[in-house]
Number of protein chains: 2
Amino acid sequence: PEKLWGKVVDVAEKIKKLGEEDPRRIIHSLKVGLATTLVSFFYYIRPLYDGFGTNSIWAVLTVILVCEFSVGATLGKGLNRMLATLSAGALGIGVHFLATMSGETGQPIILGLFVFLIAATVTFARFIPAMKARYDYGLMIFILTFSMISLSSYRESDQVLDMAHERVTTIIIGSFTAIVICICICPVWIGENLNNLVANNMEKLGKSLEGFRVEYFNRPEERPSMDDKSFLQGYKSVLTSKDTEEAMVARWEVWHFRFGFRHPWKQYLKIGTLSRQCAYKVDALNSYLNTKSQTPSEFQSKIQEPCTKICSESGKALKELAVGLRKVMNQPTLVNLHIQHSKMAAENLKSLLNTTSVWKNDNLQEIIPTGAVALILVDIVPNDNLRLFTS
Amino acid sequence: PEKLWGKVVDVAEKIKKLGEEDPRRIIHSLKVGLATTLVSFFYYIRPLYDGFGTNSIWAVLTVILVCEFSVGATLGKGLNRMLATLSAGALGIGVHFLATMSGETGQPIILGLFVFLIAATVTFARFIPAMKARYDYGLMIFILTFSMISLSSYRESDQVLDMAHERVTTIIIGSFTAIVICICICPVWIGENLNNLVANNMEKLGKSLEGFRVEYFNRPEERPSMDDKSFLQGYKSVLTSKDTEEAMVARWEVWHFRFGFRHPWKQYLKIGTLSRQCAYKVDALNSYLNTKSQTPSEFQSKIQEPCTKICSESGKALKELAVGLRKVMNQPTLVNLHIQHSKMAAENLKSLLNTTSVWKNDNLQEIIPTGAVALILVDIVPNDNLRLFTS
């Protein structure tokens with residue numbers, strides 16, 4: 001029993017941490033609860049229930065299904081659900097009238113044929129990438145509503161118009177309830193999340209670059225004594241951020257308080273790609289941490305100054321950019337300064353590599369890895385990641 | 001009108017291509033159509049309809065919602081849906097009896113409170129990573145079913161047991177129909193897809209390595225004249241394959257004809273990680289393609305032989321591994337041979353780099369990039385990617 005209690009405490013602590021990490025999660029849960037309770041009044045209030053009857057349940061189900069964490073996702077699901085229900089309802093009624101015209105034996109055959117055809121073709125349409133990205137949920141609801149209306153019409157053909165009408169109305173009410181609550185109470189804009197993700201990634205890259213400088217170029221005694229070298233590894237999450245970023249491009253959040261109707265989604269994806277390219281280079285740099293000799297060679301001490309300058313100035317520029325991205329889109333002036341500094345350092349480094357005298361006393365085994373580090377650093381500097389902002 | 005016709009033809013061709021690329025998509029669409037038609041018989045056949053009435057629709061909706069492309073996803077959704085409906089139905093009935101005991105005014109308050117609490121807590125539970133991975137769909141269905149049963153019970157309290165019973169039965173029938181059709185007609189095992197993805201990625205890495213050899217070490221006149229250098233870029237899709245692979249780990253496909261109940265999902269993820277690490281190195285190699293001087297330096301021609309050997313032997317080993325992974329899990333013997341060869345070449349290259357005489361006539365600018373390429377190649381050879389299989 002003590003073991004069990006320990007486990008319960010463990011789980012409870014994890015859940016608490018989950019809420020503390022991002023309190024918006026708790027707010028979202030309460031929002032879903034509130035929205036569900038709101039549409040429950042269809043049941044509690046007699047006149048409302050008399051209007052919609054058992055179809056009231058669709059409003060409740062819609063709220064639960066449509067309420068998503070971010071405004072973008074909620075809008076997408078709500079609009080998809082409304083559009084699909086409307087169009088599928090209309091088609092279902094059309095097929096119902098077609099089927100009733102073909103007599104008692106013809107009716108189930110026509111209905112069955114249409115249900116099969118619609119289910120198969122719309123399922124196939126979900127494989128089309130352009131449809132999948134925007135309308136996947138809507139296509140599924142289209143099949144659902146069509147089957148529902150046309151099949152029900154077979155057994156209760158006098159009520160089919162009422163039923164279709166009530167389903168459409170309840171679903172519109174449910175979708176609007178979900179959307180209004182999602183937008184009005186502490187909204188989570190996915191555009192903001194994307195902005196923060198991209199900014200965090202740039203900051204991580206900057207920290208990793210500075211961390212690399214300390215690890216590679218400083219003597220052991222000069223390094224701050226830290227057991228935790230996680231800042232060095234920060235870039236690793238940037239390596240695999242592609243899918244997360246692409247999933248965050250919220251096609252349905254058409255308006256943004258910062259950008260109005262012209263949210264630069266594609267620019268964010270571009271910055272993401274460039275950040276990843278930068279992360280690959282940082283990964284290449286870090287692989288040289290192992291080959292590093294304990295005492296710096298003559299060659300290394302000669303190129304040390306421009307190299308450390310590139311690391312720290314580029315790192316600062318990246319961090320400044322991240323800060324700028326978080327606050328306002330205006331480009332902070334310090335970034336240009338840091339970029340200028342690192343460009344100068346890179347020129348410096350290049351000319352050092354061109355003078356042969358620097359390496360005459362060293363052996364190849366030490367020169368090549370150090371030189372490779374220098375080359376990668378030169379390559380990092382005129383990075384388009386930075387250019388995108390300065391232009 | 002001609003423009004429109006051109007567009008229609010364009011779209012039609014894209015759709016045709018989509019089907020030709022993977023004919024399983026067409027089969028899946030027909031399967032969904034068939035499953036939907038099958039459960040429609042609840043409506044067409046009088047005795048069946050008399051049994052379930054309007055609740056028959058839940059069987060139809062379940063089939064449409066549960067039928068997924070792969071067996072793993074279908075099983076996951078079907079089991080989630082059945083479990084969640086059962087447990088939420090039971091809880092809903094319990095709350096119904098609790099509410100009826102508290103009188104006419106107390107009933108809606110108790111119901112509202114429970115609906116709010118369940119909706120909020122279960123929504124929060126969806127944020128717990130372990131729950132999200134396996135039970136996300138089930139948690140949503142839990143809220144749905146609970147709200148449905150407990151709210152309906154308020155208005156039709158005499159029918160609540162019948163309703164809960166019918167909902168559970170129809171959903172079980174629908175889930176089983178979907179699962180049986182998904183498994184019995186041309187099943188798509190997600191484990192197979194994962195296997196193919198991992199094998200394809202290894203093959204791409206192998207091709208990219210060999211492509212690099214041709215581009216970097218061969219003279220322009222020796223290279224095959226190809227405009228299409230896509231084989232060089234093949235590794236790029238490996239860089240970002242993490243999320244795809246993780247999404248494919250089908251926790252619900254418990255049995256596999258090759259592995260029985262012990263499918264090595266984690267091993268696949270490990271190979272995936274190692275492939276990505278290898279891809280980062282190939283990316284680092286490819287960045288040196290630009291710095292390459294037109295005429296090979298003396299240093300380059302001296303280290304050329306072991307370098308090309310490493311490229312081609314490692315590439316062959318990767319391709320052999322991919323072939324082996326596709327056919328049977330037994331390790332093809334040729335792989336060991338190729339790994340032996342590339343290890344020997346790597347030793348060779350290392351000792352060449354240790355002899356200082358190889359570079360005395362060249363300048364630093366040419367030595368460093370070539371040397372860096374050599375170092376990365378040495379680093380690629382004892383790759384764990386390969387070791388995983390040989391051990």
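Residue numbering restarts at 1 for every chain, and letters A, B, ... go by the order of the sequence lines.
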Segment of [X] engaging chain B (4.5 angstrom heavy-atom cut-off):
X        : result
A:Phe69  : side chain
A:Ile118 : neither
A:Tyr49  : side chain
A:Asp243 : both

Chain A heavy atoms under 4.5 Å from [X]: which part of the residue, side chain, backbone, both or neither?
X        : answer
B:Tyr43  : both
B:Ile57  : side chain
B:Ile26  : both
B:Thr54  : side chain
B:Gln107 : neither
B:Phe127 : both
B:Ile45  : backbone

Report summary line: Here the gap from B:Leu111 atom CG to A:Ser40 atom OG, rounded to the nearest 0.5 Å, amounts to 9.0 Å
Report task. I would like to know whether B:Lys14 and A:Ile128 meet side-chain contact (heavy atoms from CB on, under 4.5 Å); could you show each step before the answer? Result -> CA-CA 9 Å; B:Lys14 267 188 196 157; A:Ile128 303 170; over 6 Å; no
Query raised in the report: Quick one: are A:Tyr44 and B:Leu151 in side-chain contact, heavy atoms under 4.5 Å?
Result: yes
**Report entry** Sub-4.5 Å side-chain heavy-atom contact between A:Met140 and B:Leu65
**Finding:** yes
Query - Partners meeting ring-ring contact (aromatic ring centres under 6.0 Å, His included) with A:Tyr280 (sequence neighbours left out) - result: B:Tyr280
